[in-house]
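Heavy-atom basis, side chains included; hydrogens, waters and symmetry copies ignored. Letters A, B, ... are given to chains in the order of the sequence lines, protein chains preceding strands, and every chain is numbered from 1.
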Amino acid sequence: MDLRWKTASSPLPRLAAGQESQKCSQGESEVGIMSFIKAGNRKLEISNEDKVFYPDSGITKGELVEYYKRAGDMIIPYMKDRPLTMRRFPDGIEGNSFYQKNAPKGIPDWIKTEAVKNREGGTTNHIICNDVATLIFITNYGNITPHIWLSKLDDLDKPDKIIIDLDPPGDDFKAVRSAVKLIYELLTDELDLPVFLMLTGSKGVHVVLPLRPKNKFDEVRDFASELADFLAQNHPRELTTEVRKSKREGRLFLDVARNAYAQTGVAPYSVRAIENAPVAAPVNYGELSDKSMNAQKYNIKNIFKRMGQVKDPWKEINRHRFSLGRAREKFERLKSKV
DNA sequence: GTACTCT
DNA sequence: AGAGTACAACGCCTT
DNA sequence: AAGGCG
Ligand SMILES: [Mn+2]
Ligand SMILES: [Mn+2]
């Protein structure tokens with residue numbers, strides 16, 4: 001065996017069954033082993049579809065492409081008009097990886113991009129992933145996990161959601177389950193706010209509050225910080241807002257730092273670079289008490305069965321957007337009650 | 001993973 | 001044609 | 001200005 005990388009050992013269905021991989025040429029220059037896949041009205045070139053991206057579970061780059069093709073219609077609405085950051089693993093999850101904000105040089109002109117100001121006055125030319133073809137295109141570049149802004153192109157300074165990121169100290173989901181309960185009960189029972197939950201596909205959960213995009217990031221983050229600090233003060237044994245790892249002392253970290261300009265969150269239904277290819281999965285609160293629940297419960301193999309059984313828990317998220325002002329009022333009222 | 005340069 | 005190299009994020013907080 | 005952090 002002298003191959004440059006590992007390929008799937010047993011025969012797997014080719015992409016878009018019936019379309020053979022082939023050595024293809026363009027004029028004089030040969031461009032390697034390519035296959036093709038259809039997305040919308042486009043025919044996309046996929047290199048190395050049999051390259052193994054997940055060594056233990058044997059999942060190939062081609063299988064990621066298939067996943068994003070099949071899940072695309074579910075994912076795209078959550079990515080629409082949001083600047084994209086790619087997390088690329090060109091040689092699979094054990095190889096080098098990097099975040100990439102700027103669109104790569106030489107991409108076709110049907111890929112939507114947008115020059116976006118950064119905080120220091122420079123600009124970043126972000127891909128805007130508004131269709132399945134783009135999602136598959138970036139997968140071919142080795143993107144496993146698309147990350148998206150919390151704001152949209154029409155008002156990049158104003159987020160349309162708050163993300164409270166629950167980062168447990170270890171792999172035990174029990175800490176996450178009880179933290180979600182504490183937070184969920186505060187936000188729903190006490191503050192009467194709509195709350196949406198997502199298993200990250202890694203270790204934790206994102207608690208998401210949908211916002212009308214009327215306030216800038218700093219104001220929104222301040223409110224999120226107050227919520228997190230309030231919770232940590234009331235449950236000092238279980239929760240912390242300490243950024244310093246050494247000060248967390250085994251407690252679950254309530255991270256609100258993602259609520260900032262040009263910061264990102266993992267897109268719903270995006271794939272994680274973890275064996276078995278778990279996906280970020282929106283869930284309903286009641287599901288968290290399932291015995292089998294954990295942050296990696298859903299993956300590229302089993303998520304479609306779930307989709308057939310459970311309506312997308314975030315389907316209505318936009319209809320529930322509320323104003324920061326209302327939330328602040330409710331929170332102040334709660335704090336002033338003893 | 002791709003673009004580009006050097007042999 | 002083939003080999004090798006360069007390149008691919010950033011905001012906020014703390015010290 | 002640099003480092004930690006996600
Ligand atoms: Mn997290
Ligand atoms: Mn490479």
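When rounded to the nearest whole Å, the span between CD1 of A/I127 and P of B/dT2 equals 13 Å. Atoms NZ (A/K117) and P (C/dG11) sit 13 Å apart, rounded to a whole Å. We find that CD1 of A/I148 is positioned 19 Å from P of C/dA9, with the value rounded to whole Å. Look at CG on A/N143: it is 13 Å from P on C/dA9, rounded to the nearest Å. Going from atom CD1 of A/I163 over to atom P of C/dG11 covers 17 Å, rounded to whole Å. The distance from atom CD1 of A/I164 to atom P of D/dG6 is 17 Å, rounded to the nearest whole Å. The interatomic distance linking A/L64 (CG) with B/dG1 (P) rounds to 11 Å, in whole Å. We find that CZ of A/F137 is positioned 8 Å from P of B/dT2, with the value rounded to whole Å.
Between A/N215 and A/F223, every side-chain heavy-atom pair lies at or beyond the 4.5 Å cut-off. Residues A/P83 and A/L156 have side chains in contact (heavy-atom distance under 4.5 Å, counting atoms from C-beta outward). Looking only at side-chain heavy atoms (C-beta outward), A/E332 and A/E226 come within less than 4.5 Å of each other. Under the 4.5 Å side-chain criterion, counting only non-hydrogen atoms from C-beta, A/E287 is in contact with A/R306. Inter-residue side-chain proximity for A/L254 and A/L231 is flagged as met; some heavy-atom pair is nearer than 4.5 Å. Contact annotation: the side chain of A/P210 approaches that of A/F322 to within less than 4.5 Å [non-hydrogen atoms, C-beta and beyond].
Taking the P atom of each, C/dC7 and D/dG6 are spaced 29 Å apart, rounded to whole Å. For B/dC4 and C/dA8, the P atoms lie 14 Å apart once the distance is rounded to whole Å.
With hydrogens and angles left out, the side-chain atoms of A/D222 and A/S225 include no donor and acceptor closer than 3.5 Å. Between the side chains of A/Q263 and A/R258, no donor-acceptor pair is found at a separation under 3.5 Å. With no hydrogens or angles considered, no side-chain donor-acceptor pair links A/T60 and A/D50 at under 3.5 Å. Using modelled atom types, one finds no donor on one side chain facing an acceptor on the other under 3.5 Å when comparing A/D91 with A/N96.
Of the side-chain N and O atoms in A/R119, none sit less than 4.0 angstrom from OP1 or OP2 of C/dC10. A close approach under 4.0 Å does occur between a side-chain nitrogen or oxygen of A/S47 and OP1 or OP2 of B/dT2. A close approach under 4.0 Å does occur between a side-chain nitrogen or oxygen of A/T124 and OP1 or OP2 of C/dC10. Between B/dG1 and A/K105, no contact under 4.0 Å exists linking OP1 or OP2 to a side-chain N or O. Under 4.0 angstrom from either OP1 or OP2 of C/dA9 there lies no side-chain N or O belonging to A/N118.
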Show, in sequence, the C-alpha distance, side-chain angles and deciding distance for A/S47 and A/N140, and conclude whether the side chain to side chain donor-acceptor pair (under 3.5 Å) test is met. CA-CA 7 Å; A/S47 60; A/N140 183 52; 3.3 Å; yes
Going through the checks in order, is the ring pair (Phe, Tyr, Trp, His ring centres under 6.0 Å) test met by A/H147 and A/Y99? CA-CA 9 Å; A/H147 291 59; A/Y99 289 87; 5.5 Å; yes
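Taken residue by residue, residues 253-277 of chain A places heavy atoms nearer than 4.0 Å to DNA chain C at A/A260, A/Y261, A/A262, A/Q263. Within residues 227-247 of chain A, the residues having any heavy atom under 4.0 Å from DNA chain D are, by residue number, A/V243, A/R244, A/K245. For DNA chain C, the residues of residues 199-225 of chain A within the heavy-atom distance limit of 4.0 Å (strictly under) are A/D218, A/R221, sorted by number.
Sorted by first then second residue, the ring-ring contact (aromatic ring centres under 6.0 Å, His included) pairs that include residues 253-281 of chain A, not counting sequence neighbours, are A/W149-A/Y261. Sorted by first and then second residue, the pairs that involve residues 55-75 of chain A and meet ring-ring contact (aromatic ring centres under 6.0 Å, His included), not counting sequence neighbours, are A/Y67-A/F304.
Because its NZ or CZ atom is not both nearer than 6.0 Å to the ring centre of A/F98 and within 45° of the ring axis, A/R87 does not count as a cation-pi partner of that residue.
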Atom pairs, N/O to N/O, protein against nucleotides 6-8 of chain C, distance under 3.5 Å?
none

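A/R248 comes within 4.0 angstrom of sugar-phosphate atoms only, judged by non-hydrogen atoms across all strands, and of no base.
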